[in-house]
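Only this structure's heavy atoms are used, side chains among them; waters, hydrogens and symmetry mates stay out. Reminder, nothing fancy here: chain letters follow the sequence lines and each chain counts from 1.
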Amino acid sequence: MLSIKNLQVSVEEKPILKGLNLEVKPGEIHAIMGPNGSGKSTLAHVLSGREGYQVDSGSASYKGLNLLEMAPEIRAREGMFLAFQYPIEIPGVNNTSFLKKALNEIRKHRGEEELDAIDFLSLIKKQMKLVEMKEELLKRPVNQGFSGGEKKRNEILQMAVLNPTLAILDETDSGLDIDALRIVAGGVNKLRSSDNSFVVITHYQRLLDYIVPDFVHVLSNGQIIKSGTKELALELEERGYDWLLEEAESKV
Amino acid sequence: MIQSTSIFSEWINQQIDSDSSFAFSETVRSPSLSKLAKGVFPTRKDEEWKYTPLNDLLTLRPVNYDLGEMDEESIQYLKQAMPESHTIVFVNGEYSDAFSDSPSAIEDQGLSITPLPELEGAALELAEETILNSTLTDDNIFQHIALGLTQNGLFIEVDKNIECQTPIHVLYVSTAHGMTGFTSPVNVIRVAGNSHLKVVEQYASIGEAAVITIPASYVHVEDGANLDYYKISLENAGTNHVCNTIVKVARTGSFKSHQYLLGSNLTRSNLEISFSGPSAEAVLRGVYLGDENQHLDVRTYLDHAHPHCSSDQHFRGILNGHSRGVFNGLVLVREHAQKTDAQQANKNLLLSRDARVDTKPQLEIFADDVKCAHGATVGELDSDALFYLQSRGIDKKEATLMLTRAFAAEVTQEIDIDSLQAYVQEKISASLDEIVIPSV
């Protein structure tokens with residue numbers, strides 16, 4: 001599904017990712033944890049095709065395609081989805097028509113017929129229940145005037161409607177209270193399948209109480225310094241990151 | 001400073017001497033004619049015209065003969081903005097009996113719509129009095145051209161306590177087939193106490209030739225009355241459109257103006273509003289959209305001379321190619337205009353490196369208990385928003401279009417005539433479809 005090999009990325013000449021390796025297979029959930037400034041969000045942005053990141057070496061392939069050469073919209077049409085840490089407010093663009101447009105672009109790419117307004121509405125209403133979102137938010141401009149929790153639910157709603165094969169959740173738990181966290185995680189869990197994969201980027205373990213990962217990786221200073229199963233996340237919760245960082249340094 | 005030798009001003013002098021039938025009596029015309037005789041056009045040395053050159057306009061020489069017929073199909077196309085309205089059509093400055101709804105078909109009691117040449121007696125006096133009671137701060141020559149040379153236009157009058165249900169759609173069409181046309185319609189609108197009226201003025205041209213359009217409108221909104229006043233300008237790329245709109249709003253009156261300036265080579269719109277009593281309001285909205293070498297200049301002047309009045313302005317510019325926008329808004333709050341609430345915003349979106357905008361919002365406040373704010377921005381599309389749309393599968397061109405349309409929609413969504421809102425949004429979209437190319 002996703003294969004990242006020795007990925008080195010810099011921002012304004014400053015190296016951020018320094019040789020990152022990651023293999024994600026269909027149906028797997030990978031959690032990427034790490035302290036602030038370790039390169040978690042950079043990874044999410046590079047994978048989704050945001051400008052401003054210089055790939056110095058290494059490769060990233062998705063479904064066998066060279067991910068790094070694809071425009072962001074092509075990545076999306078091929079089934080990738082990034083849930084933003086800070087979803088963008090877009091005044092004047094209606095939430096529903098935006099999402100309908102996005103879905104139909106993806107369907108067109110797959111050679112499927114575009115959904116008309118009626119079919120789309122019945123789809124979106126079904127998926128809204130998944131994230132317990134208020135219907136009035138559909139009529140508003142994208143994310144405008146949404147609370148922090150509503151924005152994150154809107155991300156998960158988009159994910160549910162677009163039905164990606166690989167979803168990257170960039171600190172989706174940040175700024176969420178426990179109820180919102182449960183709803184968002186519930187949405188993710190309902191979308192889990194043997195075909196879909198998730199990369200869950202998070203600073204805290206608590207999201208992983210709700211979205212149980214198959215693998216946990218610790219990112220520090222641009223590299224994955226430890227990989228394990230969900231028990232690793234619990235250990236991090238108990239002991240913090242410092243012991244791991246020290247362990248990594250002593251190896252160097 | 002004096003460009004009395006320009007081709008256009010020579011032509012104007014010939015018109016003064018000709019024996020055409022003009023709309024107004026000497027009382028109205030004389031002061032304007034004496035100004036015109038001097039032939040002084042502003043230059044860029046005049047502060048008010050610093051950013052707006054008149055070179056293109058002044059080298060034009062309009063023709064006085066038949067400019068071509070109007071066909072039914074084109075008129076129907078233009079009428080679609082307002083399917084449910086009283087439609088009054090002018091073709092090349094002449095009132096068209098054939099295309100206009102008959103004034104006798106108007107069902108709203110107390111509403112009268114009269115082409116200027118048909119005015120007589122008390123109605124003519126009232127129309128002229130309305131004009132004479134309106135004065136421009138910027139004593140520019142263009143209102144004198146309109147008052148001195150106009151042969152046609154409309155007088156729209158509503159009696160007291162009338163709620164006019166049907167909007168009035170005034171369509172000024174130029175047929176520009178190879179020859180330079182000239183029109184200078186004058187509109188006089190009076191809405192008497194506690195009455196409500198909606199007027200849509202639409203300017204359009206069929207054909208590609210240069211057209212000069214110099215309208216002037218004089219508006220009185222009396223005590224407790226409401227006027228929604230829309231102006232849609234969508235003339236061809238050869239058009240030079242210079243208009244003046246002078247408005248008086250009396251005690252507790254409300255004037256709402258929407259201006260959508262979407263065409264022409266040169267557009268200059270000057271909108272001046274003064275409150276003649278307390279607790280009146282003015283709401284001004286507008287979008288100007290330019291491409292290639294278009295020049296769009298929007299000026300507003302708000303004179304707060306009485307207490308408890310409010311004004312709220314929101315203008316947005318979208319500029320592509322080498323086009324240029326100018327926004328100049330002055331809000332004057334006089335000493336006795338306490339509790340004034342004046343808001344003014346101008347936002348501009350530059351879609352190309354060579355597009356340019358000069359924006360100058362100004363507040364002059366002489367009262368001490370007021371709430372005033374103004375702001376102007378000039379920027380490009382938000383790259384975060386672009387990326388967000390792309391990350392959902394929408395390509396860059398489409399994302400650019402969506403964001404640009406959205407930028408305009410924040411103003412156009414306030415148009416409260418549904419068909420007109422759809423029409424304006426569609427026209428903006430169509431223009432953007434043509435001009436937005438993927439900047440990959």
Against chain B, label [X] side chain, backbone, both or neither, depending on which of its atoms sit under 4.5 Å from a heavy atom there.
{"X": "A:Asn143", "value": "side chain"}
{"X": "A:Pro87", "value": "both"}
{"X": "A:Phe98", "value": "both"}
{"X": "A:Arg50", "value": "both"}

Evaluation steps, side chain to side chain contact (heavy atoms under 4.5 Å, CB included), between B:Asp395 and A:Arg77 = CA-CA 10 Å; B:Asp395 69 35; A:Arg77 292 172 194 173; 3.6 Å; yes
Sequence neighbours excluded - salt bridge (Lys or Arg N to Asp or Glu O under 4.0 Å) pairs with any residue from residues 403-418 of chain B =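 Sorted result for residues 403-418 of chain B: B:Lys198-B:Asp416, B:Arg285-B:Glu414, B:Arg316-B:Glu410, B:Glu398-B:Arg405.
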Taking everything shown except [X] itself, do over 12 heavy atoms lie less than 6.0 Å from its [atom1]?
{"X": "A:Glu112", "atom1": "CD", "result": "yes"}
{"X": "A:Tyr86", "atom1": "OH", "result": "no"}
{"X": "A:Lys126", "atom1": "NZ", "result": "no"}
{"X": "B:Glu84", "atom1": "CD", "result": "no"}
{"X": "A:Glu136", "atom1": "CD", "result": "yes"}

At their closest point, which heavy atom of [X] faces which heavy atom of [Y], and how far apart are they?
{"X": "B:Arg392", "Y": "A:Leu162", "answer": "CD-CD1, 3.9 Å"}
{"X": "A:Ala76", "Y": "B:Gly393", "answer": "CB-N, 3.3 Å"}
{"X": "B:Ile394", "Y": "A:Glu73", "answer": "O-CB, 3.6 Å"}
{"X": "B:Ala406", "Y": "A:Pro91", "answer": "CB-O, 3.4 Å"}

With respect to chain A, which residue among B:Gln390, B:Met402, B:Gln413 yields the maximal number of heavy-atom pairs within a distance under 4.5 Å?
->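 Top option by heavy-atom pairs under 4.5 Å: B:Gln390.
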Can you say whether the rings of B:Tyr388 and A:Phe84 are parallel (under 30°), tilted (30 to 60°) or perpendicular (over 60°)?
->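 Correct class here is perpendicular.
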Any residue of residues 145-158 of chain A which, by heavy atoms, sits under 4.5 Å from chain B =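 Residues of residues 145-158 of chain A touching chain B at under 4.5 Å: A:Glu155, A:Gln158.
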Rounded distance [0.5 Å steps], CG in B:Leu389 versus CD1 in A:Ile88 =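 So the CG of B:Leu389 and the CD1 of A:Ile88 are separated by 9.5 Å.
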Apply side chain to side chain contact (heavy atoms under 4.5 Å, CB included) to A:Ser48 and B:Phe387, showing your working.
-> CA-CA 9 Å; A:Ser48 59; B:Phe387 175 69; 3.3 Å; yes
